Structure formats: C-alpha cells, structure tokens
Visitor: 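Let me begin by handing over the structure; questions about it come next.
Nothing here was measured: the structure is a model prediction, and the numbers come from that model.
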Amino acid sequence: MGSPILPVLGQQRPPLVPENFAADVIRRLDQAVAERRVWNIHGLVVLQNGKLIVERYFAGQDRERGVGDLGTVTFSAETPHDLRSCSKSVVALLYGIALQQGKVPAPETSLLSSFPEYRDLANEEHSRVTIPPCALNDHGNGLG
C-alpha cells in the first residue's frame, strides 16, 4: 500500500471513531434533507480504512442521458447511476493522491511524454496537451 495522504499543515485531525462519525453524518444529512438545505442526493457511501461506516440512499428526481426525465427514483446500491461529470471529480481526486505519492508526473507535463509508445501521434498540437485537461475530460481541442 502507498504512503498515506498527508493533511494540509495545520489541519490535522484525530482519527474518526466510525460509530460516532456514522451516527453524526446520518443525523446531520437526514436533517439537511428534511430542511431542504440539500436535495437530490442519490446516496452517500463512506469507508474508513477499508471498513464501510456509512451507506445511505435517498429518493429524488433523476435524468438519463439520451432519455430525459425519469421522475422520482428510489435509489439503492443496485440502482444504476448516470454519473456524468462526477467522474471528473473522482479522477481529479485520484490524480491528486497519486501526485502527492509521486506516482504520476506533474500537471504541467505533456501527456504524450508519459506514453513513449505513442510517439507517432506527436505533433505540435498534441504535444501541448497536459495532464489536467485529459484527467478532467476537458480537452477543448477536439482530442477527446
């Protein structure tokens, strides 16, 4: 297993006690949903050290790409979720973790330089593409 993710200086917190954390998160989330301060949450899953400590699903409006409105859906672990841009956040998070652990090149690195087996694709335009736009599927140049 890789090195741990280090907290930002001054933001160290004691380890969570799973039972206390789970009860507090569920209570606060249920209250926020009831007060309509948050809405349309499909679900929340929290793991700590590989142990499931919160798993909660809700009902809400949903849409499917290419289909449109699906109406109110009662979500569960088995409900397919149309993630769309959520995937960008997950990829960016994983890239940040890997970057902190020194497992991936810096964001300003040309993407092609990380894949020497694709040298035949190199041209001026492709060589300018760096990792963040590709990780976020936001190329803006017709490459993706």
Side-chain angles (χ1 to χ4, degrees), residues 1-33 36-70 73-144:
M1 196 168 215
S3 61
I5 300 169
L6 303 174
V8 176
L9 198 57
Q11 292 186 353
Q12 290 183 330
R13 296 180 182 173
L16 300 172
V17 177
E19 295 77 22
N20 296 346
F21 175 79
D24 188 49
V25 165
I26 290 169
R27 180 188 59 76
R28 292 172 61 192
L29 185 57
D30 284 347
Q31 183 177 357
V33 169
R36 298 187 188 270
R37 289 183 288 127
V38 296
W39 57 91
N40 206 25
I41 297 175
H42 293 195
L44 175 69
V45 177
V46 178
L47 287 92
Q48 181 183 27
N49 299 322
K51 180 182 175 193
L52 180 66
I53 58 174
V54 175
E55 183 172 11
R56 188 81 160 174
Y57 298 96
F58 302 91
Q61 297 297 307
D62 200 16
R63 295 180 52 85
E64 185 176 340
R65 189 176 192 165
V67 174
D69 286 328
L70 298 177
V73 174
T74 302
F75 297 100
S76 72
E78 290 77 33
T79 308
H81 296 272
D82 186 2
L83 298 179
R84 298 186 200 179
S85 293
C86 181
S87 301
K88 296 177 188 178
S89 299
V90 172
V91 169
L93 175 68
L94 294 174
Y95 174 77
I97 292 168
L99 180 65
Q100 184 179 33
Q101 294 176 352
K103 296 180 178 182
V104 294
E108 61 276 1
T109 304
S110 165
L111 186 63
L112 280 174
S113 69
S114 298
F115 298 96
E117 64 272 25
Y118 294 106
R119 278 192 199 106
D120 60 318
L121 297 177
N123 62 33
E124 188 177 333
E125 182 182 16
H126 292 167
S127 295
R128 286 194 311 262
V129 177
T130 57
I131 291 167
C134 289
L136 297 176
N137 195 25
D138 184 23
H139 315 300
N141 58 13
L143 294 177

Visitor: Side-chain atoms of residues 111-123: list all donor-acceptor pairs with protein atoms under 3.5 Å, sequence neighbours left out, distances to 0.1 Å.
Guide:
{"residue": "S113", "atom": "OG", "partner": "S110", "partner atom": "O", "Å": "2.7"}
{"residue": "N123", "atom": "OD1", "partner": "E125", "partner atom": "N", "Å": "3.0"}
{"residue": "N123", "atom": "OD1", "partner": "H126", "partner atom": "N", "Å": "2.7"}

Visitor: Which heavy atom of T79 sits nearest to which heavy atom of T74, and what is that distance?
Guide: OG1-O, 3.7 Å
Visitor: For residues 38-50, which residue pairs qualify under salt bridge (charged side-chain N to carboxylate O under 4.0 Å, His left out), counting only residues two or more places apart or in two chains?
Guide: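 The answer is none; no pair qualifies.
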Visitor: Just jot down the side chain to side chain donor-acceptor pair (under 3.5 Å) partners of E64, sequence neighbours excluded, or say none.
Guide: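 Counting only residues at least two positions away or on another chain, E64 forms no side chain to side chain donor-acceptor pair (under 3.5 Å).
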Visitor: Given R56 and I41, is the side chain to side chain contact (heavy atoms under 4.5 Å, CB included) satisfied, shown in steps?
Guide: CA-CA 10 Å; R56 188 81 160 174; I41 297 175; over 6 Å; no
Visitor: Considering non-hydrogen atoms only, spot the tightest contact between R63 and D69 and give its length.
Guide: NH1-OD1, 3.1 Å
Visitor: Kindly write out the residues that satisfy ring-ring contact (aromatic ring centres under 6.0 Å, His included) with F75, not counting sequence neighbours, or none if the list is empty.
Guide: H42, H81
Visitor: Among residues at least two apart in sequence or on other chains, which ones pass side-chain contact (heavy atoms from CB on, under 4.5 Å) with R28?
Guide: D24
Visitor: What residues, two or more places apart in sequence or in another chain, satisfy side-chain contact (heavy atoms from CB on, under 4.5 Å) together with V104?
Guide: Y95, A98, L99
Visitor: My understanding is that only residues two or more places apart in sequence, or in another chain, count here; which of them pass side-chain contact (heavy atoms from CB on, under 4.5 Å) with Q61?
Guide: N40, T72
Visitor: List in chain and number order the residues that pass salt bridge (charged side-chain N to carboxylate O under 4.0 Å, His left out) with R36, two or more places apart in sequence or in another chain; answer none if no residue qualifies.
Guide: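 So R36 forms no salt bridge (charged side-chain N to carboxylate O under 4.0 Å, His left out) with any residue.
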Visitor: Which residues satisfy the side-chain contact (heavy atoms from CB on, under 4.5 Å) test with L44, sequence neighbours excluded?
Guide: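 Once residues adjacent in sequence are excluded, the partners of L44 under the side-chain contact (heavy atoms from CB on, under 4.5 Å) criterion are V25, L29, V46, V54.
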